[in-house]
Amino acid sequence: MARAGGITNAVNVGIAVQADWENREFISHISLNVRRLFEFLLQFEATTKRKLASLNEKLDTLERRLELLEVQVGTASANPSLFRTLARVLKPFVIGL
């Protein structure tokens with residue numbers, strides 16, 4: 001009878017060790033996936049910042065052009081000969097629409 005108890009105890013220890021390994025493997029997979037997610041988010045942030053900076057530069061350029069065009073339109077309203085010049089400047093923008 002003592003022998004049967006020893007076998008049962010050994011089986012229980014084996015089951016516990018197997019369960020422990022499975023838990024460790026699961027935790028390892030979770031840790032790896034969290035690390036990958038974190039790395040992706042860092043890369044996404046850097047890419048997004050770079051693209052937003054580029055868009056901001058383009059918007060700044062467009063705003064400066066728009067301000068210039070507004071001044072030219074105001075000046076052209078007062079002087080018809082400048083209106084023809086303005087029409088040539090705006091032609092590429094109108095065709096693009």
Side-chain angles (χ1 to χ4, degrees):
M1 192 85 172
R3 197 166 199 234
I7 292 174
T8 303
N9 203 17
V11 169
N12 288 340
V13 169
I15 292 171
V17 168
Q18 181 66 29
D20 183 57
W21 276 106
E22 288 172 0
N23 285 337
R24 288 173 188 256
E25 186 176 6
F26 177 74
I27 291 169
S28 175
H29 285 292
I30 295 294
S31 297
L32 178 62
N33 287 328
V34 167
R35 196 173 309 124
R36 285 180 180 166
L37 178 61
F38 182 73
E39 289 171 1
F40 166 77
L41 290 174
L42 287 176
Q43 182 180 4
F44 179 78
E45 179 190 26
T47 302
T48 303
K49 281 183 178 180
R50 187 179 68 247
K51 288 181 178 182
L52 284 174
S54 174
L55 283 174
N56 192 40
E57 289 176 16
K58 290 176 182 179
L59 281 173
D60 288 343
T61 301
L62 287 174
E63 287 174 349
R64 285 192 302 272
R65 285 183 183 173
L66 181 60
E67 289 171 359
L68 175 66
L69 290 173
E70 287 173 346
V71 169
Q72 289 176 343
V73 165
T75 306
S77 297
N79 188 345
S81 67
L82 289 177
F83 187 73
R84 288 186 289 279
T85 304
L86 181 60
R88 283 195 307 267
V89 170
L90 289 177
K91 189 174 182 179
F93 295 105
V94 174
I95 292 173
L97 296 176

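What you see is a predicted model, and the numbers here were worked out from it, not measured in a lab. Values reported hereafter were calculated over all heavy atoms of this structure, with side chains retained and with hydrogens, waters and symmetry mates removed.
Shown are Lys58, Glu63, Glu57; of these, the side-chain contact (heavy atoms from CB on, under 4.5 Å) with Asp60 is made only by Glu63. Shown are Asn9, Val13, Ile15; of these, the side-chain contact (heavy atoms from CB on, under 4.5 Å) with Val11 is made only by Ile15.
One hydrophobic cluster, built from ILVMFWY side chains closer than 4.5 Å, cannot hold both Trp21 and Ile30; they sit in different ones.
Side chain of Asn33 to backbone of His29: a donor-acceptor contact under 3.5 angstrom is found. A donor-acceptor pair under 3.5 Å is absent between the side-chain atoms of Ser28 and the main chain of Arg24, judged by distance alone.
The CD atom of Glu39 sits 10.5 Å away from the CG atom of Leu41 when rounded to the nearest 0.5 Å. Atom-to-atom distance recorded for Leu37:CG and Leu32:CG is 11.5 Å, nearest 0.5 angstrom. Taken from CZ in Arg64 to CG in Leu59, the straight-line distance is 11.0 Å, to the nearest 0.5 Å. In this structure, CG on Leu66 lies 12.5 Å from OG1 on Thr61, to the nearest 0.5 angstrom.
Contact of the Arg50 side chain with the Ser54 side chain is not registered, since no non-hydrogen atoms from C-beta on lie closer than 4.5 Å.
Using a cut-off of 4.0 Å between Lys/Arg side-chain N and Asp/Glu carboxylate O, Lys49 and Glu45 are scored as salt-bridged.
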Does Leu68 form a side chain to side chain contact (heavy atoms under 4.5 Å, CB included) with Gln72? I'd like the steps, not just the answer. CA-CA 6 Å; Leu68 175 66; Gln72 289 176 343; 3.9 Å; yes
Run the side chain to side chain donor-acceptor pair (under 3.5 Å) test on Glu22 and Gln18 for me, step by step, so that the C-alpha distance in whole Å, both residues' side-chain angles and the decisive distance to 0.1 Å come before the verdict. CA-CA 6 Å; Glu22 288 172 0; Gln18 181 66 29; 3.2 Å; yes
